[in-house]
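The structure under discussion appears below in the form of structure tokens.
Within every chain, numbering begins at 1; the chains are lettered A, B, ... in the order of the sequence lines, protein sequences first and strands thereafter.
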Amino acid sequence: MSTIFLSPEWFFGYDVLFEAFFFMISLITALYALKVHRATGEELSQYFGYGFLLISAAYLFQLLSNFLVYSRLNTEVCQIANLSSVATVDSIGIYGYMLLMISGLVLLLFVSLKSRMKRTLLILLILSFILILSSKNQLYTFFLLSSIYLAFIAWHFLENYLKHKKATTLSVALAFLFLLFGSFHFLISVNHEAFYVIGHILGFFAYLMILINWYLVRK
Amino acid sequence: MNKRDRITIINDILEFVRDKEGKAKPTHIMYKANLSNEMLNEYVRELLGKEFIKESKDKREKRTYSLTDKGFKFIAEYKQMKGFLASYDLI
């Protein structure tokens, strides 16, 4: 199982560029949130920062995995790491992506719930891991869980926008709605190649919104 | 927002310390920032730890505080940090 199997041939390489963009924006957001936490001691900012750090690590896994496949370096990596097959390298990539991404989303969900109970976070993480790893269709379960979590997160940011009608809160709400549509689209998609491309385009708009918010708060 | 958030309290304290130009006394900070004595000590410890303020003694050996470069930097970045936190509903 690998993301490469979902990607149409003409999209090879472009997806890596998209993922590099997602990685950069999520990393910048994470580092800034952690910087704000260090300066102010705001606890939610710390969880939010770690959430985006995990999401950026997920994109790094995805783009490295795809890059290895396209550049055909995975055969060499396989030999160096003494792994049984190229599929093992690809599986590490996709499992790494799924587990890091779901952990990041769990942290963002935890922040949106405004819960201070660490046990809530722990139980959400454990349940998510068990559900994905014990599932027969792990990719489907991953997108189902991601969609549920993103729905709650987007709902929270939409409420925040309705409470504080500003361009910044709107851009954040739109970003998570784009991410939700990108994830949910997989569940109803019959053509997974088309999903892969549409998912990346929706992801691009989502991270563009996060970048716009970054610009607005800093100007 | 009924309750002042941490970032606002920290900024209020630092702005007061800045305005007093090195002569800010603990009791003045306490009244200005509307904090209890316990809360004031907690915040002062934190701000000293983060090197946003530094402590010195006046002629009568009373504690006074002045702003460090890091403290000035915090005030300059306060609006951006608060805007970031508010946009993600983190305060």
Toward chain B, the part of [X] with a non-hydrogen atom under 4.5 Å:
X: A/Val36; value: both
X: A/Ala33; value: both
X: A/Ser171; value: neither
X: A/Lys35; value: side chain

Problem set entry | Max heavy-atom pair count under 4.5 Å with chain B, selected residue of A/Leu108, A/Thr168, A/Asn213 |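 Heavy-atom pair counts peak at A/Asn213.
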Problem set entry | Toward chain A, the part of B/Tyr88 with a non-hydrogen atom under 4.5 Å |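 Both backbone and side chain.
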Problem set entry | Residue part contacting chain A, namely of B/Ile7, when any heavy atom lies under 4.5 Å |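 The answer is both parts of B/Ile7.
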Check: [X] ring centroid to [Y] ring centroid under 6.0 Å:
X: A/Phe205; Y: A/Phe178; value: yes
X: A/Trp214; Y: A/Tyr32; value: yes
X: A/Phe52; Y: A/Phe48; value: yes

Exercise. Without hydrogens or angle criteria, can the side chains of A/Asn160 and A/Thr169 be said to hold a donor-acceptor pair below 3.5 Å?
Worked result: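 No.
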For this session: Go through the steps for A/Tyr95 and A/Gln138 under the test side chain to side chain donor-acceptor pair (under 3.5 Å), then give the verdict.
Result: CA-CA 9 Å; A/Tyr95 276 106; A/Gln138 292 165 334; 2.3 Å; yes
Exercise. Does the pair B/Asp89 and A/Lys163 meet the rule for a salt bridge (Lys or Arg N to Asp or Glu O under 4.0 Å), with working shown?
Worked result: CA-CA 10 Å; B/Asp89 195 24; A/Lys163 242 191 287 176; 5.0 Å; no
